[in-house]
Structure formats: structure tokens, C-alpha cells
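None of the values given here were measured: they were computed from a predicted structure. In what follows, chains carry the letters A, B, and so on, assigned in the order in which the sequence lines appear, proteins first and then strands, with residues in each chain numbered from 1.
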Amino acid sequence: MKVAVLGAQTTKFGELWNNSPRALLKEAVSGALEESGLKISDMDAIFVGNMLSGILGGQEHLGALVSEELGVSIPSFKIEGACASGGLAMHQAVLSIISSYYEKVLVVGIEKMTDHKPEETTSALMGAGSDEERAAGATFPSLYALIARAHMEKYGTTEEQMAAVAVKNHYHASLNGKAQFTFPITIEQVLNSPCIAAPLKLLDCSPVSDGAAAVILSAESFALRNKKQNVKPVWITASQVATDSLGLAQRESLTSLKAVVSSSQKAYQQAGIKAKDIHVAEVHDCFSIAEIIAMEDLGFYPKGQAAKNIFMQKTRLGEKLVINTSGGLKASGHPVGATGVKQVVEITHQLQGKAGKKQVKGANIGLTHNVGGSGATAVIHILRNI
Amino acid sequence: MTISPVKIWRNQKKIQKLIGKEGKIVSHSLVYVPPIGFENEAPYPVVLVQFKDNKRYLAQLTDWNDNNLKIGQTVKAVLRKTRNAGDEGVIPYGIKFKPI
């Protein structure tokens, strides 16, 4: 399987009170189109990743909204899978191309979250959980706190090791002008930040964010004959999705996400590579513990070994395998529907050698890992530049 | 987000089967930033409990203190008001766990 990424762009992520969702999506889409050398009128279809526009903004029917805003009348779909909405939109777009039904498509992920008060966004995000979890007053930080406590109990993972994830990702974000937080932090600052859901503290958690990200995809044959694009295409060589129970109580394990294990193994097989072949990855660090478990479930470290390696800075810029060069969800920001698309934008720019100060030297193969809910949906993409 | 009285009524059948069941805490958290309807209760503990039949259930811990918010604590499922009644005025009852 080979699908080309012809253009990729994100807006700045953050508290963007001056920018409407329409302005954000237009900015991301025009950036991606410019890289590809194509026009919106060249597109055959649009796939929109979004979770909360209905429940927070009262606006559904985003497929038509996006095509209206961009001035086209082509097929357009909203794809929803909680925080994996962007990744799922990517997957659907890839399928539409490998089925040969469409040749050139736009994927755009968008979320506007900071217009609302914390209780409203917290409740809206719980739409991704189960009835049982909502009745208990559980929140996403508390669900990942339950996962963290179980991981600490089983493997001796410490709060300092979890804090090291946030410290690394803030360092990477300090090199990314589009990140929400561009300042470095220390382990002590994480440990002393206010408690959100014990044992997770404010600086263990990704923020509430606004932002959009867009990519232009095409069939391999089109990419090879297209002379208009300004940059070399990057190739998607695997796209896999798996699901699990919505609620934590129905899972086989609390310390591993089964959907991530199965989708990543299928992705490695589809791309004909192994975990050790990856040079750079964007993983779904909605909470610090999530990056630790992702590193194990993706096969980068044996179970129980990731936390200490992250603490020893083995996944920081300059090392062999670099994780979350964008700053991850933690520091680059987490506009939920945009995240899965932003991960592909970051890996694309890394593989094109145009990631600036955060460039991983010699990166040829990259991976994205996008998770919905507390692990009920997992989406893996593998990209390469040769 | 309003709570449908019909949904509350339908859920009673499920809740009835859980009342009185005993199990052990397998993981826990203390929620400081609550969703809508739980603003007056924070901070409150949310626990994941494993019953003797190995099934698990997630709910709040009630009548608790610092000594019994721990992994391995034995608890029993009890009926409690779970959140503020919305504009409908129907009080949502559900499962909470009580240390024993």
C-alpha cells in the first residue's frame, strides 16, 4: 500500500479566542494546498476529523460546513472517534484512495474547545466514555489516573518518571513555533503543580486547545506525475485501526491498551517493518502515563521498561528514537479532532527534512499513534520518505 | 446536558442486581476537577472494583477516609444519589461503593 502525502500544515495551537473554527480550518487547508501545488477545486472529497462541534458549539453537519467554507460542492464527511477522530479521518481518506474511488482528497482535523468553561468541556469529553463512568462522575484525567495507579502498582513506575514525559515534551515544544506552550518546565514544577485527578497533576495533563490541521493525500500514480508540488511527497505505507471496550471496567488489562497492541502489530506487518526501524514517532500523550504505556504497547520497550528510559532522556531529540518532536499533546496542545491529523503533519515534515530546530537527522521512517477515549479506539499510521 | 427520566428508570434494573455485591479496589483516583452535576462534591474518589466473580465496576467511594482509599480495600455496592438532579427534578440514584 502506498498513498502520497502531497501537503501538510497546522495552525498555531492554543487559546485562540480571536479565531473562529471557520478561520482555523481555512488557514490549515490553504497551507496544505500551497505545499501540494494543488487547488481546492482539484480535490475529489473531504474528510473532517472532529469530536465536539455538536455538543459544545451546537453545530453538527461539519462535512457540508467545511465544503461551504472552502467554496466547493464535493463529497464531504465528518468522522468522529473521540480523540482519535483525526486519525480515523486519515484512515477513511486512505481507504478512499486505495479503493481508487477518489484520487486526491483533503483531510482536515478541527476543534474549538477554549470558548467554554472547564465543567462543560470535561462533561463533553466524557461523551467518549461509558454510561457507568459518567454516572460515577469520572473524568478523563481520573480514568488515566486509574491506569497510572495500576501501572505504578505493577511495575513500580514513579511520579517523577511520569513527570519526565511532560518535561521532554515541553522541551520539544520550545523548538516548535506552533505549539501551545513554548516554555521548558522541570520535574519539580510538574510534581508541585495542582492535582487534577490524583496521582495526575496539572502538568501531567494535555491542555484544552483550539486548532486545525490539514493534509492533502493522493494516489501513488498521481503523485508520480504531479509536477506542481513544492516538496517531495511522503508515503503512507500502513493505516490500521482497532477498538476495545468503551469503559475501563470491561478491559482485559489496565496497564496495556489492547487496541494499540493489535493495530500497531498489523501496521508493522503492512509496512513490512519492525518497531526498531522507526526513527521518529508522534504518540498520544494525553496524559504523561499514556506515553509510557504507548512506548510499551508499540513495542519500543518491553513492559515496565519505558518509564525509566524516558526518565534517562532516551527518547529526546538527539537520541536514536525520538518521540513527540512537536511537543506532543502535552505541550503542542490537544484540539481533539485535529490531533490525529497534526501527528501526520509533524511526521511528514520530519521525513521531508523541513522540521526546523526540532529536525531528527536522517529520519526516513515515522509512526503516528492516535487514541480515542481511555483506549477504546487506536489508529496507527506508518510513513516513509523512500 | 439534561438527564432523561426514562433513562434513569430503565437503568434501575441494572442497578438492583449490583446492590450488596462485595469486591476489592483494584485502582483509585481523587477527582479535583469535576464534570457538570458534580461541582459540589469535588474532591471525590473514583474507584475501580473487582467483584468476587471477577467482573469489574467503576463508581465513587462513599463514607471514606484516607485509610481506606487504597488498592485491596474491601468494599460493598450501595444505592446513593449520584449527582445533582437537573431541571427535570428526578433524582438520579446509582451505585457507590462503601468500605467494609
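Between the side chains of His170(A) and Lys330(A), at least one donor N or O lies within less than 3.5 Å of an accepting N or O. At a cut-off of 3.5 Å, with distance as the only test, a side-chain donor of Glu111(A) or Asn50(A) sits close to an acceptor on the other residue.
Contact count versus chain A (heavy atoms, under 4.5 Å) is highest, among Val33(B), Thr82(B), Leu58(B), Val46(B), for Leu58(B). For chain B, the option among Leu254(A), Thr122(A), Leu146(A), Thr121(A) with the highest count of heavy-atom pairs below 4.5 Å is Leu146(A). Of the listed residues (Asp131(A), Leu248(A), Leu143(A), Ile147(A)), the one with the most heavy-atom contacts under 4.5 Å to chain B is Asp131(A). Highest contact tally toward chain A, considering only Lys7(B), Glu41(B), Gln50(B), is held by Lys7(B) [criterion: heavy-atom pairs under 4.5 Å]. Of the listed residues Ala145(A), Ala135(A), Cys195(A), the one with more heavy-atom pairs under 4.5 angstrom with chain B than any other is Cys195(A).
The aromatic rings of Tyr44(B) and Phe38(B) sit tilted, their planes meeting at an angle between 30° and 60°.
Nearest approach of Ser27(B) to Ile71(B), heavy atoms of both residues: CA-CG1, 4.2 Å.
Under a 4.0 Å N-O distance rule, the pair Lys78(A)/Glu60(A) qualifies as a salt bridge.
Scanning residues 148-163 of chain A against chain B with a 4.5 Å non-hydrogen threshold yields Arg149(A), Ala150(A), Glu153(A), sorted by number.
Contact of Glu39(B) with chain A is made through the side chain alone, with heavy-atom distances under 4.5 Å. When heavy atoms are compared at a cutoff of 4.5 Å, Ala138(A) approaches chain B by way of both its backbone and its side chain. Residue Leu48(B) touches chain A through both its backbone and its side chain, counting heavy-atom pairs closer than 4.5 Å. Neither the backbone nor the side chain of Lys96(B) comes within less than 4.5 Å of any heavy atom in chain A. Using a 4.5 Å cut-off between heavy atoms, Tyr32(B) touches chain A through backbone and side chain atoms alike. Neither the backbone nor the side chain of Leu200(A) comes within contact range of chain B; no heavy atom of the residue lies under 4.5 Å from a heavy atom of that chain.
Exactly one residue among Glu291(A), Gln180(A), His284(A) makes a side chain to side chain contact (heavy atoms under 4.5 Å, CB included) with Leu329(A). That residue is His284(A). Considering Lys258(A), Lys303(A), His369(A) as possible partners of Asp297(A), the one that fulfils the side chain to side chain contact (heavy atoms under 4.5 Å, CB included) test is Lys303(A).
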Just list the side-chain donor-acceptor pairs under 3.5 Å for residues 12-22 of chain B, sequence neighbours left out, or say none.
from	atom 1	to	atom 2	distance (Å)
Gln12(B)	NE2	Ile8(B)	O	2.9
Lys21(B)	NZ	Asp53(B)	OD2	3.1

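Between the side chain of Trp17(A) and the main chain of Thr114(A), a donor-acceptor pair closer than 3.5 Å is present.
Pairs engaging residues 55-74 of chain B under the ring pair (Phe, Tyr, Trp, His ring centres under 6.0 Å) rule: none recorded [sequence neighbours left out].
Every residue two or more places apart in sequence or in another chain that forms a side-chain contact (heavy atoms from CB on, under 4.5 Å) with Gln250(A) is listed here: Glu132(A), Ser245(A).
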